[in-house]
Peer 1: 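First the structure, then my questions, so here it is.
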Protein chains: 2
Amino acid sequence: MVERTTEIELLRSILGSAGMKPEAFELSLPYWKLKQYKKGEFYNEYKNVCKHLGFVINGVFRIYRVNSDTGEEKNMLFFTDRQFVASYKSFLNQTACEYYTEAMVDSLILYIHIDHLNELYGQSHQWERFGRIVAETAFHEVMTNTEGFLFKTPEDRYREMMEKHPNIFNSVPLYHIASYLGIQGPSLSRIRKRMVGK
Amino acid sequence: MVERTTEIELLRSILGSAGMKPEAFELSLPYWKLKQYKKGEFYNEYKNVCKHLGFVINGVFRIYRVNSDTGEEKNMLFFTDRQFVASYKSFLNQTACEYYTEAMVDSLILYIHIDHLNELYGQSHQWERFGRIVAETAFHEVMTNTEGFLFKTPEDRYREMMEKHPNIFNSVPLYHIASYLGIQGPSLSRIRKRMVGK
DNA sequence: TTTCGATTTTAACCTGGGTTAAACTTTTTG
DNA sequence: CAAAAAGTTTAACCCAGGTTAAAATCGAAA
């Protein structure tokens with residue numbers, strides 16, 4: 001499978017530049033699998049236990065929650081190319097997941113099962129370090145996201161999203177962006193209207 | 001120093017029950033230091049690089065940010081007994097800190113310098129695992145906190161805080177709690193008034 | 001093209017929480 | 001114990017953003 005090899009090479013080089021030794025990476029080769037997601041398919045769903053850590057080769061995913069009373073959806077995060085994806089709280093604690101993770105466009109993911117990952121943690125100091133760095137990165141992202149929520153206006157966050165994540169921006173309808181910003185559709189329209197003058 | 005030994009024993013038993021082998025813990029003994037904070041003193045300050053990972057023996061800290069335009073403070077998190085404390089983003093990336101971390105009551109902290117921690121990470125698979133678990137725990141906390149912000153009302157969060165963290169609750173004035181909940185003083189008063197009937 | 005459904009914008013109304021300042025209560029301190 | 005400081009509540013006013021529904025626009029498919 002030529003494609004598969006190519007994807008693994010991408011992962012190998014990403015992990016390599018994060019300091020993983022080739023011999024350590026070899027240990028993981030039997031475990032990585034590749035999966036194609038069509039737009040609208042789910043990486044994981046509410047009440048599942050998230051068993052896999054994924055690495056997005058390409059694509060966009062949204063992670064969202066449904067209010068069980070009202071049925072409203074609220075977007076929590078978007079994931080895109082070269083990010084590790086998991087319903088991470090569920091993955092870490094092996095508890096029921098509170099979110100849905102849905103592909104917004106056709107996407108490609110390399111993934112590994114948590115049992116294999118734990119095996120690698122036990123076998124290899126290098127992989128333990130990998131686990132630490134993934135956790136630290138996840139922390140950094142959710143923290144930065146939360147800080148945005150607490151200390152910036154929706155307008156600022158909208159502007160930043162346009163600048164920093166144009167690919168997400170172009171593959172996701174505005175009402176999903178509004179939800180992610182914590183506001184309603186009409187509010188985002190008001191913001192956009194205000195911005196045209198500037 | 002009898003006191004110091006006692007604090008280390010607490011840490012040893014906490015880490016031991018998280019799976020750390022005694023031999024690995026011994027490696028760290030030269031590095032831990034104990035510091036007393038008086039109410040109002042700072043664990044770290046804005047623009048510092050956070051060089052230490054702390055473990056709260058007892059006490060309460062608040063981590064807050066100051067709006068550079070208006071001078072307003074906004075509380076981000078509280079830390080209390082048996083939690084690891086750091087301005088964690090600054091600590092992980094060794095970048096300038098955006099927060100102040102202030103003791104709300106007289107407090108006691110065991111801390112270790114990041115260089116020593118990195119040394120332990122390199123020396124010992126066990127300590128690498130410790131680093132992973134601290135990062136995973138920090139992730140879990142900030143994520144849970146963010147979820148509260150996104151999916152619960154300030155009233156719910158206030159109620160939960162009263163139930164789950166009565167010690168924080170009793171050593172921190174209400175206007176700090178309001179700030180933490182993301183609302184103003186008068187709003188918290190309205191919530192408290194609404195609640196007396198229930 | 002034209003049409004139908006999905007998406008975005010607009011308008012009108014309304015509410016909850018912000019803001020300010022004063023009153024009240026509690027705690028600290030001299 | 002009295003006075004001052006710190007913390008909390010109340011009242012009155014205001015407004016950004018929520019809500020709803022209709023109108024406008026876009027886009028894919030026929």
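Order of the sequence lines fixes the chain letters, A, B, ..., with proteins taken first and strands second; residue numbering starts at 1 for each chain. From a predicted model like this one, the values you see are computed outputs, not experimental measurements.
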Peer 1: Checking side-chain polar atoms at under 3.5 Å, does A:E72 have a donor or acceptor matched by the opposite partner on A:T70?
Peer 2: yes
Peer 1: State which of C:dT9, D:dT8, C:dT7 makes the closest approach to the side chain of A:P173.
Peer 2: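 Shortest atom-to-atom distance from the side chain points to C:dT7.
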Peer 1: Below 4.0 angstrom from OP1 or OP2 of C:dT7, is there any side-chain N or O of A:R192?
Peer 2: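 The answer is no; no side-chain N or O of A:R192 sits under 4.0 Å from OP1 or OP2.
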Peer 1: Between P on D:dG27 and CG on A:N170, what's the gap in Å once rounded to a whole number?
Peer 2: 12 Å
Peer 1: What does B:L188 touch in the nucleic acid at a heavy-atom separation under 4.0 angstrom: a base, only the sugar-phosphate, or nothing?
Peer 2: nothing
Peer 1: Give the ring-plane orientation class for B:F130 versus B:F84, where under 30° counts as parallel, over 60° as perpendicular and anything between as tilted.
Peer 2: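 Rings of B:F130 and B:F84: perpendicular, over 60°.
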Peer 1: Do the ring centers of A:Y37 and A:F61 come within less than 6.0 Å of each other?
Peer 2: yes
Peer 1: Rounded to the nearest Å, what distance is computed from the CG atom of residue B:L174 to the C1' atom of nucleotide C:dT25?
Peer 2: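 About 13 Å, once rounded to whole Å.
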Peer 1: Please report whether the ring centroid of B:Y99 lies less than 6.0 Å from that of B:Y64.
Peer 2: no
Peer 1: Measure from CD1 on B:I191 to P on C:dG17 and round the result to the nearest Å.
Peer 2: 7 Å
Peer 1: Taking only side-chain N and O atoms of A:Q184, does any of them lie within less than 4.0 angstrom of OP1 or OP2 on D:dG17?
Peer 2: no
Peer 1: When you check the side-chain N and O atoms of A:N93 and A:Y88, is any donor under 3.5 Å from an acceptor?
Peer 2: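 On atom types as modelled, these side chains do not qualify, holding no pair under 3.5 Å.
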Peer 1: Taking NE2 from B:H176 and C1' from D:dG7, how many angstroms apart are they, rounded to a whole number?
Peer 2: 11 Å
Peer 1: From CD of B:E73 over to P of D:dG7, roughly how many Å is that when rounded to an integer?
Peer 2: 11 Å
Peer 1: Rounded to the nearest angstrom, tell me the gap between atom OH in B:Y175 and atom P in C:dT19.
Peer 2: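 After rounding, the gap between these two atoms is 17 Å.
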Peer 1: Identify all pairs in which a protein N or O lies below 3.5 Å from an N or O of nucleotides 10-15 of chain C, and state each distance.
Peer 2:
none

Peer 1: Ignoring hydrogens and angles, state whether a donor on the side chain of B:E141 or B:Q83 is under 3.5 Å from an acceptor on the partner side chain.
Peer 2: yes
Peer 1: To the nearest 0.5 Å, what is the distance between CG (A:L110) and CD1 (A:I57)?
Peer 2: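 Here the interatomic distance stands at 4.0 Å.
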Peer 1: Can you check the A:I183 CD1 to C:dT9 P distance for me, whole Å?
Peer 2: 11 Å
